[in-house]
Amino acid sequence: MAKYEMLYLLNNDLTDEAKDAEITKFEGIVTSMGGNVVSTDKWGTKKTAYPIRFKNEAYYVLMTFEANAEVVGELDRIAGIDADVYRRIITKLN
């Protein structure tokens with residue numbers, strides 16, 4: 001299993017419970033497919049470099065995990081169709 005990082009931006013207008021539910025959902029995808037979540041860092045609300053969906057702020061979350069390539073594909077797919085995820089990037093760590 002390789003080590004990855006996923007940085008994603010959530011809609012800042014969500015309630016704290018909804019943000020936690022989104023974070024738990026992505027962690028659950030990793031663990032349900034045989035991966036291991038190393039850490040989840042909630043960076044909080046930050047200003048974006050440019051407006052995204054007419055918003056200038058987003059809630060940043062960095063998740064570090066160990067998993068197979070299939071997990072990365074599934075995370076990218078789910079984040080891509082989730083309306084509350086503004087942007088996401090998944091990178092492989094050395």
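Computation of the quantities below employed the complete heavy-atom set of this structure, encompassing side-chain atoms and omitting hydrogens, waters and symmetry-equivalent molecules.
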With clusters defined by side-chain heavy atoms of hydrophobic residues (ILVMFWY) lying less than 4.5 Å apart, directly or transitively, does [Y] cluster with [X]?
{"X": "Y86", "Y": "Y8", "result": "no"}
{"X": "V30", "Y": "M33", "result": "yes"}
{"X": "M63", "Y": "I29", "result": "yes"}
{"X": "I52", "Y": "L62", "result": "yes"}
{"X": "L10", "Y": "I78", "result": "yes"}

Smallest separation among heavy atoms of [X] and [Y], with atom names:
{"X": "I23", "Y": "K42", "result": "CD1-CE, 3.7 Å"}
{"X": "M1", "Y": "G35", "result": "SD-CA, 4.4 Å"}
{"X": "K92", "Y": "A2", "result": "CE-CB, 3.6 Å"}
{"X": "V71", "Y": "F65", "result": "CG1-CE1, 4.4 Å"}

So [Y] and [X], do their side chains get closer than 4.5 Å, heavy atoms only?
{"X": "I90", "Y": "E5", "result": "no"}
{"X": "V85", "Y": "L9", "result": "no"}
{"X": "V61", "Y": "T40", "result": "yes"}
{"X": "T64", "Y": "K3", "result": "yes"}
{"X": "M6", "Y": "I89", "result": "no"}
{"X": "L75", "Y": "Y4", "result": "no"}
{"X": "N56", "Y": "Y50", "result": "no"}
{"X": "V37", "Y": "E66", "result": "no"}

Practice prompt. Any chance you could measure K46, atom NZ, to N12, atom CG, to the nearest 0.5 Å?
Written response: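 Nearest 0.5 Å value for the NZ-CG distance: 11.5 Å.
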Discussion item. Is it the case that the side chain of D82 and the backbone of D84 share a donor-acceptor pair, with hydrogens and angles ignored and the cut-off at 3.5 Å?
Written reply: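 Yes, because the side chain of D82 sits within donor-acceptor range (under 3.5 Å) of the backbone of D84.
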Worksheet item: Checking salt bridge (Lys or Arg N to Asp or Glu O under 4.0 Å) for the pair D13/K55: CA distance, chi angles, key distance, verdict?
Response: CA-CA 10 Å; D13 295 336; K55 307 279 182 168; 2.4 Å; yes
Fill in: Salt bridge flag under 4.0 Å for residues K25 and E22
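Yes, this pair counts.
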Practice prompt. Check whether the side chains of T48 and E57 place a donor and an acceptor atom closer than 3.5 Å, and report yes or no.
Written response: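 Side chains of T48 and E57: no pair found under 3.5 Å.
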Practice prompt. Check the side chains of N11 and Y59 for a donor-acceptor pair under 3.5 angstrom, ignoring hydrogens and angles.
Written response: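 No, no side-chain donor-acceptor pair sits under 3.5 Å.
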